[in-house]
Amino acid sequence: MNRSPQQNLRPDHRFGGRRAVVIGGSIAGLVAARVLADHFDEVAVIERDGIPDDLREPRRGVPQARQVHGLLARGERILNDLFPGFTEDLIRDGAVAYDFGLGLAWHHLGAWKPRCATGVRTVCMTRPLLEAHVRRRTFALPGVRRLDGREVVELSASPDRSRLTGVVVRRRDAPGQVEALPAELVVDASGRGSRAPAWLEALGYPRPLESTIKVRVGYASRQYRPREPAQVPWTSLYILGSPSDSRRFGCIVPVEGGRWMVVLAGLFGEHPPADPEGFLEFARGLPHDALYRALLGAEPETEIAVYKFPAHLRRRYERMARMPEGLAVLGDALASFNPVYGQGMTSACLQALTLDAALAEQRRRVGQGAIAGLTRRYHAAAAKAVDLPWQMSTGEDLAYPETEGERPLLQPVLRWYTGVLHRAAQVDREVYVRFVRALHMLDGPEALVSPRLLLRALRAGLSASLPRMSAAAPDYARQPADT
């Protein structure tokens, strides 16, 4: 894409609309507004909460703002395309960047992944810092305006209800007053609790079908300051068991200010407690004691914040037989993933690019400002963009017998091959690099099933199954990273 934040698309690609409305000032809503600014004269972002300007202040409407947030490499690259120099700005404000393979000590399935260069950059920071940078860049765009402290109460439509004409908005400080806000396109980025299904029902349309995979994840996060950071031979630490022996996992990531963000989590009700003693004891019960030992050498700086996630949720707008023109659903309002895999923000960025491409294609096929057909075109493409992160995250969780949800027919085969790749990645660096690139959505799943990689994975997977990979394996949480 490679365009400056103030530069519009070429005239023959610009959709040419007058006004678009975005419901929700989250990362998804802000990235959508950035894309829409290339196609519409005006973009209004409606947010129920007041949007903070302080880089350190979590937004009230984000209950998980105090938890660890992952930005995959694909998402970071998209943000740098949309906002040139974005990562450099984050680093100047304290974000920490490193090569994923060199900086991360990752214990999984009873062994350590190799520490080697992968060429995949990871950037770590708190959610408020990331969101503040996206917010500042987006609202600096000409034509993008913020409407804080307002909520959408319903969708406006044409007399025959075939086309949306905008939204009806109510100020939260004056709930008795409502106003109509006309728009040619309404983008719902209001999150998992989206009211779009109910609004559509009120207009005489069916609700979208929903797919759910129940995992009942519980998180507890706390910020620490390491006493002797130079003595720690890793930048990040991730401890994860296997479906056969553990329902717990934990990680440490560096954030601005020389601090650690520590998250402990568990599945199916085995959740970490919110008291300091219980938090530490839960860490002691992880499949490896490296994280517990690290906490013994650090000072807590915040209280413990807890968050619960019941299930993956996907709304199938692409399967609706009837929909009004002028609606696009994006972000968690479209698909909400288990946060442990860190795919939500990157998926939202991919959906925003899908909307960008759909608007450009709409202009080419139908003409400037012509909205008919856009809703169906966008949702069909967005469903394809969601398929990969959905398959990756739900596929991992469906390996647990307690997971509730429909299992694909090929799930046993996929699960077997995923296990082969995980084991092979413990001993074969090429397999590990390929796996990391797919994990960060830089490559598609086809990169993991090439005949050459399949052969390497099978050979390495057999090697990783031998007894020498257990007690005799190098402890990458203790040793310096390879160069």
Side-chain angles (χ1 to χ4, degrees), residues 8-9 14-26 28-48 51 138-139 141-172 177-191 194-205 317 320 322-331 333-334 348 351-352 354-363 366-379 382:
N8 282 334
L9 292 168
R14 187 175 185 273
F15 175 69
R18 292 183 296 277
R19 178 190 285 161
V21 164
V22 178
I23 307 172
S26 63
L30 294 169
V31 177
R34 164 64 190 93
V35 164
L36 293 170
D38 283 341
H39 295 279
F40 289 83
D41 298 331
E42 180 185 339
V43 181
V45 180
I46 303 171
E47 172 55 45
R48 296 177 70 245
I51 302 179
T138 300
F139 289 127
L141 295 168
V144 178
R145 64 188 181 109
R146 50 195 285 180
L147 299 176
D148 298 2
R150 295 169 173 84
E151 60 182 340
V152 174
V153 295
E154 63 181 39
L155 302 174
S156 303
S158 59
D160 64 358
R161 300 184 176 183
S162 65
R163 175 176 53 86
L164 298 187
T165 57
V167 295
V168 177
V169 178
R170 175 172 58 204
R171 294 185 65 97
R172 299 196 73 189
Q177 300 178 16
V178 298
E179 62 176 316
L181 183 62
E184 296 154 275
L185 178 65
V186 175
V187 176
D188 177 22
S190 59
S194 164
R195 296 172 60 194
W199 291 333
L200 288 174
E201 194 172 45
L203 291 175
Y205 293 90
Y317 286 96
M320 291 183 65
R322 298 169 50 245
M323 278 190 73
E325 297 291 354
L327 175 65
V329 183
L330 185 143
L334 183 65
Q351 294 164 45
T354 298
L355 179 59
D356 181 39
L359 286 163
E361 180 69 7
Q362 187 76 6
R363 162 68 187 259
V366 186
Q368 179 175 334
I371 205 75
L374 175 66
T375 293
R376 190 164 297 282
R377 175 171 291 115
Y378 162 72
H379 284 106

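Residue numbers run from 1 in the order of the sequence given.
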Tyr378 pairs by side-chain contact (heavy atoms from CB on, under 4.5 Å) with which of Asp356, Leu330, Leu359? Leu330

Heavy-atom closest contact (Leu141 atom, Arg34 atom, distance): CD1-CD, 3.6 Å

Counting N and O atoms only, with roles assigned by atom type, does the side chain of Gln351 sit under 3.5 Å from a partner on the main chain of Gly331, one being a donor and the other an acceptor? yes

ring-ring contact (aromatic ring centres under 6.0 Å, His included) involving Tyr317 - partner list, sequence neighbours excluded: His379

Contact summary for Leu334 and Ala382, nearest pair of heavy atoms: CD2-CB, 4.0 Å

Only one of Val187, Leu155, Val152, Val167 passes side-chain contact (heavy atoms from CB on, under 4.5 Å) with Val21; say which it is. Val167

Report the residues that fulfil side chain to side chain donor-acceptor pair (under 3.5 Å) with Ser190, sequence neighbours left out, ordered by chain and then residue number. Asp188

Pairing residues for Arg163 by the salt bridge (charged side-chain N to carboxylate O under 4.0 Å, His left out) criterion, not counting sequence neighbours: none

Run Arg146 and Glu47 through side-chain contact (heavy atoms from CB on, under 4.5 Å) and show every step you take. CA-CA 8 Å; Arg146 50 195 285 180; Glu47 172 55 45; over 6 Å; no

With sequence neighbours left out, the residues meeting side chain to side chain donor-acceptor pair (under 3.5 Å) with Arg171 are Asp173

Stepwise, does the side-chain contact (heavy atoms from CB on, under 4.5 Å) test hold for Leu355 with Leu36? CA-CA 8 Å; Leu355 179 59; Leu36 293 170; 3.9 Å; yes

For Gly326 and Leu164 the tightest heavy-atom approach is O-CD1, 3.7 Å

Suppose we screen for side chain to side chain contact (heavy atoms under 4.5 Å, CB included). Which residues come up paired with Val168, at least two apart in sequence or across chains? Val153, Glu154, Ser156, Val178

Side chain to side chain contact (heavy atoms under 4.5 Å, CB included) against Gln177, all qualifying residues, sequence neighbours excluded: Ala174

Test side chain to side chain contact (heavy atoms under 4.5 Å, CB included) applied to Ala348 - qualifying residues, sequence neighbours left out: Ala28

Between the CE atom in Met323 and the CG atom in Leu203, the distance rounded to the nearest 0.5 Å is 11.0 Å

What one should report as the nearest heavy-atom pair of Ala157 and Thr165 is N-OG1, 3.4 Å

Residue list, side chain to side chain donor-acceptor pair (under 3.5 Å) with Glu151, at least two apart or on another chain: Arg48, Arg170

For Glu361, check side chain to side chain donor-acceptor pair (under 3.5 Å) against everything at least two apart and list the hits. Arg364, Arg365

Just jot down the salt bridge (charged side-chain N to carboxylate O under 4.0 Å, His left out) partners of Arg19, sequence neighbours excluded, or say none. Glu42

Distance-minimising heavy-atom pair for Pro324 and Thr375: O-OG1, 3.4 Å

For Val169 and Arg150, the nearest pair of non-hydrogen atoms, with its separation, is CG1-CB, 3.5 Å

Quick one: pull up CZ in Arg322 and CZ in Arg376 and give me the separation to the nearest 0.5 Å. 10.5 Å

Salt-bridged, Asp41 to Arg14, with N to O below 4.0 Å? yes

With Arg195, which residues qualify under salt bridge (charged side-chain N to carboxylate O under 4.0 Å, His left out), at least two apart? none

Those residues at least two apart in sequence (or on a different chain) that pass salt bridge (charged side-chain N to carboxylate O under 4.0 Å, His left out) with Glu325 are none

Pairwise distance CG(Leu147) to CD(Glu179) - rounded to 0.5 angstrom: 8.0 Å

